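The structure appears below as structure tokens.
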2 protein chains.
Amino acid sequence: MARPASTQPTEVELRILRKLWESGPSTAREVHNALNEDKGTNYSTTVKMLAVMFEKGLVERDESAFPMTFTAATGQEETRRNVMSEVIQKLYDGSAKSLVLQVLSSQEASKADLDEIRQLIEQLDGQKAAASRKRAAKRRGT
Amino acid sequence: MARPASTQPTEVELRILRKLWESGPSTAREVHNALNEDKGTNYSTTVKMLAVMFEKGLVERDESAFPMTFTAATGQEETRRNVMSEVIQKLYDGSAKSLVLQVLSSQEASKADLDEIRQLIEQLDGQKAAASRKRAAKRRGT
DNA sequence: ACAGAGTAGCGAAGTAATTCGCTTGTGCAA
DNA sequence: TTGCACAAGCGAATTACTTCGCTACTCTGT
């Protein structure tokens with residue numbers, strides 16, 4: 001009769017993960033210093049957060065070191081994929097295309113950015129073409 | 001000493017908004033039926049949610065009708081922009097380009113999708129080119 | 001070995017989000 | 001007009017998320 005735990009990292013959790021992705025293994029103090037620049041939270045809070053995240057399996061820790069060091073349990077790429085996949089489902093009815101079109105038209109993208117994106121598209125296109133040639137060859141062979 | 005209210009619509013709020021975007025003005029009962037297909041929540045819950053969302057300003061209601069009808073206070077486009085802009089900040093260090101590149105490589109996109117995206121890029125490119133020609137002309141004129 | 005400084009853990013408090021039971025109000029049909 | 005069925009509102013319960021204060025522990029330097 002209540003709220004289900006979020007499937008994605010929460011606000012503060014994400015800030016902590018970002019620090020860990022950026023800096024690698026870090027002590028609670030280091031994480032705290034990074035956080036503290038934005039928010040003026042107490043050191044205890046950071047420690048507690050890390051403890052909670054450890055229980056959730058979001059971070060790992062090296063207890064042999066003193067002070068302990070923490071690392072993100074999941075990579076940035078994977079987390080991004082997860083979050084995006086949920087966003088696409090919940091906000092774009094599962095259409096990645098819609099999302100991309102919308103982001104491209106509403107967010108600023110430099111010419112260089114656009115070029116880079118175009119390049120990736122060419123490449124993906126190439127892969128698709130190769131794949132369909134392969135399928136055709138297989139059909140002929142059957 | 002606690003949690004700030006989320007700046008974005010929450011899980012359930014989003015489901016409700018989606019129904020409203022899709023169907024336009026709807027009664028609590030209609031919203032509930034739509035929700036109930038996924039989750040087996042009580043009708044009271046839906047009514048309460050709509051009341052909370054009304055207080056937050058997420059939905060508007062026409063009290064002259066009986067039963068009342070609700071509409072989303074903000075459009076789908078706007079909500080998408082808001083959410084995406086936050087995601088880009090929090091997860092991609094503000095780089096829309098990174099997000100697009102990542103979504104394109106990790107999500108399935110058909111050839112037709114890619115074509116459509118390519119077209120948009122051409123168009124944006126064209127606008128940029130026109131804009132820079134204009135700036136150059138202005139410089140010459142100064 | 002001892003004091004001072006920083007580290008780790010615990011439990012509790014406070015807000016947000018979700019859920020519902022129960023009461024009250026409204027419109028329609030017999 | 002009376003009763004039935006559904007609509008709307010209220011307050012409370014429950015869980016998740018954040019934040020701390022306080023206690024106990026571990027190093028390090030003297």
Side-chain angles (χ1 to χ4, degrees), chain A residues 1-20 25-71 83 86 90, chain B residues 1-20 25-71 83 86 90:
Chain A
M1 202 218 276
R3 205 169 35 148
S6 156
T7 59
Q8 302 295 345
T10 64
E11 181 71 23
V12 185
E13 285 168 354
L14 206 46
R15 293 213 209 190
I16 292 179
L17 288 177
R18 286 178 64 180
K19 161 67 179 168
L20 294 179
S26 313
T27 65
R29 178 64 60 184
E30 288 162 347
V31 170
H32 177 63
N33 289 341
L35 271 200
N36 208 33
E37 296 182 9
D38 316 310
K39 329 208 313 156
T41 61
N42 195 291
Y43 173 70
S44 277
T45 303
T46 304
V47 171
K48 179 62 155 188
M49 270 328 230
L50 285 168
V52 169
M53 291 172 77
F54 177 66
E55 280 161 28
K56 285 191 186 177
L58 284 175
V59 300
E60 290 163 356
R61 51 185 202 189
D62 177 359
E63 305 183 25
S64 70
F66 185 91
M68 288 175 163
T69 57
F70 296 83
T71 29
V83 173
E86 203 172 291
K90 292 199 302 187
Chain B
M1 203 219 275
R3 206 170 32 149
S6 158
T7 58
Q8 302 295 346
T10 65
E11 182 72 23
V12 185
E13 285 168 353
L14 207 46
R15 293 215 209 188
I16 292 179
L17 287 177
R18 286 177 64 179
K19 162 66 180 170
L20 294 179
S26 313
T27 64
R29 177 64 61 185
E30 286 161 350
V31 170
H32 176 62
N33 289 340
L35 272 200
N36 208 34
E37 295 183 7
D38 317 310
K39 331 210 309 160
T41 61
N42 194 293
Y43 174 70
S44 277
T45 303
T46 304
V47 171
K48 179 63 155 188
M49 271 320 210
L50 285 168
V52 169
M53 290 173 77
F54 177 66
E55 279 161 30
K56 286 191 185 176
L58 283 175
V59 299
E60 289 164 355
R61 49 182 206 190
D62 177 358
E63 305 183 24
S64 71
F66 185 91
M68 288 176 164
T69 57
F70 296 83
T71 27
V83 172
E86 204 173 290
K90 292 199 303 190

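Naming convention: chains lettered A, B, ... in sequence-line order (proteins, then strands); numbering from 1 in each chain. The model shown is predicted, which means the values in this text are computed figures rather than measured ones.
Residue A:Glu63 is the one, among B:Val12 and A:Glu63, whose nearest nucleotide of DNA chain C lies closer to the 5' end (criterion: closest heavy atom). Along DNA chain D, the nucleotide closest to A:Tyr43 and the one closest to A:Ser6 are compared, and the more 5′ of them pairs with A:Ser6. Heavy-atom nearest nucleotides on DNA chain C were determined for B:Val52 and for A:Met68, and the one closer to the 5' end corresponds to A:Met68. Toward the 5′ end of DNA chain D lies the nearest nucleotide of A:Pro4, the other residue of the pair A:Asn42 and A:Pro4 mapping further downstream.
Exactly one of B:Thr69, B:Leu58, B:Thr71, B:Val59 qualifies for a side-chain contact (heavy atoms from CB on, under 4.5 Å) with B:Leu20. That residue is B:Val59. Each of A:His32, A:Lys39, A:Arg29 was compared with A:Thr46 under the side chain to side chain donor-acceptor pair (under 3.5 Å) criterion, and only A:His32 meets it. Under the side-chain contact (heavy atoms from CB on, under 4.5 Å) rule, A:Phe54 has a single partner from A:Arg61, A:Glu60, A:Met49, which is A:Arg61.
Between the CZ atom of A:Phe54 and the C1' atom of C:dG9 there is a distance of 13 Å, given to the nearest Å. Counting to the nearest Å, the P atom of D:dA16 and the CD atom of A:Glu55 are 12 Å from each other. Rounded to whole Å, atom C1' of D:dT18 lies 11 Å from atom CZ of A:Arg3. For B:Gln8 and C:dA16, the CD to C1' distance is 16 Å, given to the nearest whole Å. In this structure, A:Lys56 atom NZ and D:dT15 atom P are separated by 16 Å, rounded to whole Å. To the nearest angstrom, P of D:dA5 lies 13 Å from CZ of B:Arg29. In this structure, CE of A:Met49 is placed 17 Å from C1' of C:dA8, rounded to the nearest angstrom. The CD-C1' distance, from B:Glu11 to C:dA16, rounds to 15 Å in whole Å.
Among the protein residues, A:Glu13 comes within range of no part of the nucleic acid, since none of its heavy atoms lies under 4.0 Å from any strand. Residue A:Thr10 is classed as a sugar-phosphate contact, given heavy-atom separations below 4.0 Å to backbone atoms only. Note on B:Ser44: a base of the nucleic acid sits closer than 4.0 angstrom, heavy atoms only. Across all strands, A:Thr41 comes closer than 4.0 Å only to sugar-phosphate atoms, never to a base (heavy-atom distances).
Using a 4.0 Å cut-off, no side-chain N or O of B:Lys39 falls inside it from OP1 or OP2 of C:dT18.
A donor and an acceptor atom sit less than 3.5 Å apart, one in the side chain of B:Lys48 and one in the base of D:dG11.
Among the nucleotides D:dA7, D:dT18, D:dG9, the one closest to any side-chain atom of B:Arg61 is D:dG9.
For the pair B:Glu30 (side chain) and B:Thr27 (backbone), a donor-acceptor distance under 3.5 Å is present.
The pair A:Glu11-B:Arg3 does not count as a salt bridge, with every side-chain nitrogen at least 4.0 angstrom from each carboxylate oxygen.
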